[in-house]
Amino acid sequence: GAIFRIPIGNIIGDEGMGYYQTAYPIYVFLLVFSTNGAPAAISKMVSERLAIGQAGEAHRVFKVSFVLMAAIGILAAAIFFFGARPIVTLLKNPGAYYSMLAIAPALLFVPLMAVFRGYFQGMQEMEPTAVSQLAEQAVRVAVGLGLAIFLVSSGTELAAAGASAGTSVGPIVGTLVLIRLYQKRRGRIQQAIAAEGQKHFERAGDLLKQLAAIAIPITIG
């Protein structure tokens, strides 16, 4: 991420950075509300249930959280994508329109990554988080720089959008990595669930309330 900032500024120039910097802070602002407290909350809830032998309930926390975060991600991405024109008009920077569009998909995939990472962390497994973060950042830098260089001859607006696109492609790759790592562990997870004795089922609504009670204060903080 630190390496990315210097060359991208040289490639797209001050004007291009103006477009990029218009889109990126809004993306970060929405991202804080959609993911900031989620991994910690999911991790805590999963680890609590695994500690008392409720692997099935730990997995239900994962599934309920996934549905919730997918819905939040879809909503945030839709607001950013379909509201791009009004947003840049309000900010008096219409040249940032394509950068807004390019970043929108990230608002869908980053919340999904947060769910997987929280679930793995709750199982005391940090490797998936580390591997996915490395893949995400490497792809983000490579794609952002590559597209900026490729599109700079087409105009500053598109070059800035290319730089912004790396912010979306990186999380897509990170999500795919996490899905693959989850699939590799799925058999073991199912065995743990099957080995449970008496089953205990919590309502989805109760799980969501617990998730919100933990995640919201962290997000506000």
Side-chain angles (χ1 to χ4, degrees), residues 20 22-43 45-46 59-91 96-122 128-129 132-133 135-137 139-140 143-144 147 161-183 186 202-220:
Y20 178 84
T22 297
Y24 194 77
I26 301 173
Y27 154 76
V28 172
F29 178 76
L30 291 175
L31 206 59
V32 165
F33 284 95
S34 62
T35 65
N36 199 41
I42 295 168
S43 175
M45 292 175 65
V46 168
H59 195 253
R60 284 191 70 238
V61 169
F62 167 71
K63 292 192 292 185
V64 170
S65 300
F66 190 91
V67 172
L68 172 66
M69 298 303 283
I72 292 174
I74 291 170
L75 178 61
I79 291 172
F80 214 68
F81 187 85
F82 295 108
R85 185 68 72 186
I87 291 172
V88 296
T89 300
L90 180 66
L91 295 174
Y97 173 69
Y98 294 110
S99 294
M100 291 278 188
L101 296 181
I103 285 182
L107 289 164
L108 170 59
F109 288 95
V110 173
L112 299 184
M113 287 197 298
V115 176
F116 279 107
R117 288 170 178 170
Y119 182 52
F120 285 127
Q121 287 165 200
T129 295
S132 66
Q133 284 179 336
E136 175 195 354
Q137 292 299 323
V139 170
R140 182 175 76 86
V143 171
L147 286 177
S164 300
T167 305
S168 287
V169 179
I172 292 173
V173 172
T175 302
L176 292 175
V177 169
L178 286 165
I179 290 173
R180 178 57 183 159
L181 293 173
Y182 171 78
Q183 289 174 336
R186 190 169 185 176
E202 296 177 82
R203 295 190 308 168
D206 292 336
L207 292 176
L208 291 175
K209 288 178 183 177
Q210 293 178 49
L211 182 67
I214 301 168
I216 290 175
I218 295 174
T219 301
I220 293 173

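Counting from 1, the numbers follow the sequence of the chain as shown. No hydrogens, no waters, no symmetry mates; every other heavy atom, side chains included, goes into these values.
A distance of 10.0 Å separates CZ in Phe82 from CG in Leu101, rounded to the nearest 0.5 Å. Between the NZ atom of Lys63 and the CZ atom of Phe66 there is a distance of 12.0 Å, given to the nearest 0.5 Å. Note that CD1 of Ile74 and CZ of Phe81 are 14.5 Å apart. Values are rounded to the nearest 0.5 Å. Note that CD1 of Ile103 and OG1 of Thr22 are 10.0 Å apart. Values are rounded to the nearest 0.5 Å. Remark: Ile179 CD1 to Leu176 CG distance equals 5.5 Å, nearest 0.5 Å. Remark: Leu207 CG to Leu68 CG distance equals 11.0 Å, nearest 0.5 Å.
In this structure, the side-chain hydrogen bond (donor to acceptor under 3.5 Å, both in side chains) partners of Gln121, at least two apart in sequence or on a different chain, are Thr129. Under the side-chain hydrogen bond (donor to acceptor under 3.5 Å, both in side chains) criterion, Ser132 pairs with Arg117, sequence neighbours left out. Partners of Gln133 according to the side-chain hydrogen bond (donor to acceptor under 3.5 Å, both in side chains) rule, which considers only residues two or more places apart in sequence or in another chain, do not exist here. For Ser43, there are no side-chain hydrogen bond (donor to acceptor under 3.5 Å, both in side chains) partners, not counting sequence neighbours. Scored by the side-chain contact (heavy atoms from CB on, under 4.5 Å) test, Val139 finds Val143, Val169, Val173 as partners (sequence neighbours excluded). Applying the side-chain contact (heavy atoms from CB on, under 4.5 Å) test to Pro128 and every residue at least two apart in sequence or in another chain returns Phe120, Glu125, Leu178, Leu181, Arg185.
With contacts defined as side-chain heavy-atom distances shorter than 4.5 Å, the pair Arg180/Val177 does not qualify. Two residues are said to be in side-chain contact when any heavy atoms from C-beta on lie closer than 4.5 Å; Met100 and Leu91 meet this criterion.
Ala161 approaches Ser99 most closely through the heavy-atom pair N-OG, 3.5 Å. Residue Val115 comes nearest to Met69 through the heavy atom pair CG2-CG, 3.3 Å, listed as atom of the first residue, atom of the second, then distance. Closest approach of Pro171 and Gly166 over heavy atoms only: CD-O, 4.2 Å. Here the closest heavy-atom approach between residue Phe109 and residue Thr175 is recorded as O-OG1, 3.4 Å. When all heavy atoms of Gly37 and Ile218 are compared, the closest pair comes out as CA-CG2, 3.8 Å. Counting all heavy atoms, side chain and backbone alike, Ala77 lies closest to Ala104 at CB-O, 3.5 Å.
Donor-acceptor pairing under 3.5 Å is recorded for the side chains of Arg140 and Gln137.
Using the six-membered ring where Trp is involved, His59 and Phe62 have ring planes that are tilted, between 30° and 60° apart.
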